[in-house]
2 protein chains.
Amino acid sequence: MLPPQSVLEHMNPFEHPFAQWLEQLEHFGRLPAADRQAVLDLPHRLRRLDAGAYLVREGDIPRHCAVLAKGYAFRQKLTGSGARQIMAVCIPGDAVDLQNMFLDVSDHSVQLLTQASVADIPREALQQLVRNRPAVGTAVIAVTLVESSILREWVVNVGRRDSRARIAHILCEFAVRLETRGMIHDGGFELPMTQEQLADATGLTSVHVNRVLKSLEVDGLISRRRRYIHFDNWRALQDVGDFSRRYLHVEDHDIIDEAS
Amino acid sequence: MLPPQSVLEHMNPFEHPFAQWLEQLEHFGRLPAADRQAVLDLPHRLRRLDAGAYLVREGDIPRHCAVLAKGYAFRQKLTGSGARQIMAVCIPGDAVDLQNMFLDVSDHSVQLLTQASVADIPREALQQLVRNRPAVGTAVIAVTLVESSILREWVVNVGRRDSRARIAHILCEFAVRLETRGMIHDGGFELPMTQEQLADATGLTSVHVNRVLKSLEVDGLISRRRRYIHFDNWRALQDVGDFSRRYLHVEDHDIIDEAS
DNA sequence: CGTTTAATTGAAAGCAGTCAAACTATGTGG
DNA sequence: CCACATAGTTTGACTGCTTTCAATTAAACG
């Protein structure tokens, strides 16, 4: 095996395209140095793509797996009547198609929300990594299971919460997830979605999303400057959104500093 | 390793509590005989439980993983206002808490839909199996990914389809999934849920589910005798439900014989 | 600056929910 | 075997949250 490399210990998370992804893989336990190195050594091609670009299309038979080094993406499906549903939002450091690593034909599309830099890893390389390094394999499973947990919560969100709670909930979810990537600044974050996309993620219409956002703002729960969302009353927003972070499987500490 | 055992090749699927689960694990490729044996040799305790029993409760820190040898179960969550959402229905042969194998605290509850026999496997035994046998590990990942795909489709169902399509869709899904377990008889199946549970799975109310079922029946798409659902017009029901089996990642062949 | 995309607001319509009651099946105990 | 209790299904009338439709304003972009 490779010797441990101290340079990896405290590297700049923006140096390597897999840095944030690796951090995510290690969320449930540090990987052996050789495994970390193996992840970083994965062969890949880095691409810079514009917002709206497709990373995967439903029906595709993909030959590589994409890791979001920078930028945002979302998973979506279209219904027969042309309506769109967004089922997940991928944030920097997420692997976008682990799905397609072991399943042959993609069951949904993935589209970029913003300009992004994406690292494509050959399917086989990733499969071998997971097979040959059990610690990486279980880390991949764990990350996949957290993604499933988020999906379950989304089913609850669109199935059983009213519009106000849905929007509040998704904002809370973004906040907590982004915090794990160090992307909360000044008590808020830059929401990389239009209100129409927010509507497609919550099973509402863009018109109604607009009304709900306004009402949350009027009630003093959030404030907005363009796409930037600030949490004026983080506690109350969680209450309105019926939000509990348990399903995200992250450490339990409050992250929003309302003073800022 | 253990020698291959020809007795496994064509065993009665009802002999061993893991038989159907193993079949599911082998859906994407035959496992080496030693791996199959290792699955079947997993230590476990078999329990017979009544409908309504909890296999896991949200917040639990489970020490074992349950496999449904017989019977049905469902995953659920309660919202703060007391509403229930069902996020998945587990059918015979499904492993119920792979989630809890690698995540510490359960993010949802699992409850039995019917009387069932359940095999509890110690968490550690399963973890070791996955780590020591890469082929089993990838099979577990693949099965987990199919479950995720079903979850995504449920988000679409609840988020973007009207009540009629939702009910039609979930009926189609059950039909195809049950067929993979050989549980379609006479062109229909025994639906092991009350209309209220069906409502909680589709984000509707039981009153409205009742109306929709009736309308599907009046339109000649299905017929019902108690909980038994018969498909009178399988093709049309799929159209109404906007159903495509792609997301289930099963073989593509039509399974409903309407003549019966 | 014109053009395009996104956000905002108002008025009206509709799908599904709520409330309430009746009906059916099943099971229990006398 | 029947009276009664319980759980689930069915139906009707009414309400309401969101959608739909339409128009206006604001922001982003070349």
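So that the names make sense, note that chain A is the first sequence line, chain B the second, and so on, each numbered from 1. Predicted, not measured: the structure shown is a model, and the values here were computed from it.
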Looking at D:dT10, I'd like to know if its phosphate oxygens (OP1 or OP2) sit under 4.0 Å from a side-chain N or O belonging to B:Arg224.
yes
Tell me the interatomic distance from B:Asp200, atom CG, to C:dG17, atom P, rounded to whole angstroms.
11 Å
Would you kindly check whether a donor in the side chain of A:Arg211 faces an acceptor in the base of D:dT20, or vice versa, at under 3.5 angstrom?
yes
Of the candidate nucleotides D:dT20, D:dT18, C:dT9, which contains the atom at the shortest distance from the side chain of A:Asp162?
D:dT18
Go through the side-chain N and O atoms of B:Asp232 and B:Ser223 and say whether any donor and acceptor fall under 3.5 Å apart.
yes
Does the base of D:dG8 carry an N or O that pairs as donor and acceptor with the side chain of B:Arg226 under 3.5 Å?
no
What's the closest nucleotide to the B:Gln195 side chain, out of C:dA6, C:dT8, D:dT10?
D:dT10
Using the closest heavy atom to pick a nucleotide of DNA chain C for each, name whichever of B:Ser163 or A:Val207 lands nearer the 5' end.
A:Val207
Identify the heavy atoms of A:Leu178 and A:Tyr72 that sit nearest to each other, and give their distance.
CD2-OH, 3.5 Å
Under 4.0 Å, counting only non-hydrogen atoms across every strand here, what does B:Arg166 touch: a base, just sugar-phosphate, or nothing?
nothing
Reckon A:Thr205 has a side-chain N or O less than 4.0 Å from the OP1 or OP2 of D:dT18?
no
Over 60° means perpendicular and under 30° means parallel, so tell me whether A:Trp21 and A:Phe18 are parallel, tilted or perpendicular.
perpendicular
What does B:Arg164 touch in the nucleic acid at a heavy-atom separation under 4.0 angstrom: a base, only the sugar-phosphate, or nothing?
nothing
Is any side-chain nitrogen or oxygen of A:Lys214 closer than 4.0 Å to OP1 or OP2 of C:dT9?
yes
Looking only at side-chain atoms of B:His208, point me to the closest of C:dG17, D:dG8, D:dT18.
C:dG17
Rounded to whole Å, CZ of B:Arg160 lies from P of C:dC15 at a distance of 16 Å
Side-chain N or O of B:Asn210 closer than 4.0 Å to phosphate OP1/OP2 of D:dT10
yes
Interatomic distance, B:Ile229 CD1 vs D:dT9 P [rounded to whole Å]
10 Å
Whole angstrom value for the distance that separates P of C:dT26 from CZ of B:Arg227
10 Å
B:Trp234 vs B:Phe243 aromatic rings, parallel, tilted or perpendicular, using cut-offs 30° and 60°?
tilted
At under 4.0 Å between heavy atoms, what does A:Leu213 touch on the DNA or RNA strands: base, sugar-phosphate, or nothing?
nothing
Classify the side-chain pair A:Ser149/B:Asp107 by whether it contains a donor and acceptor separated by less than 3.5 Å.
yes
May I have the distance from A:Ile167 (atom CD1) to C:dA7 (atom P), rounded to whole angstrom?
12 Å
Find the distance B:Glu196:CD to D:dT6:P and express it as a whole number of Å.
17 Å
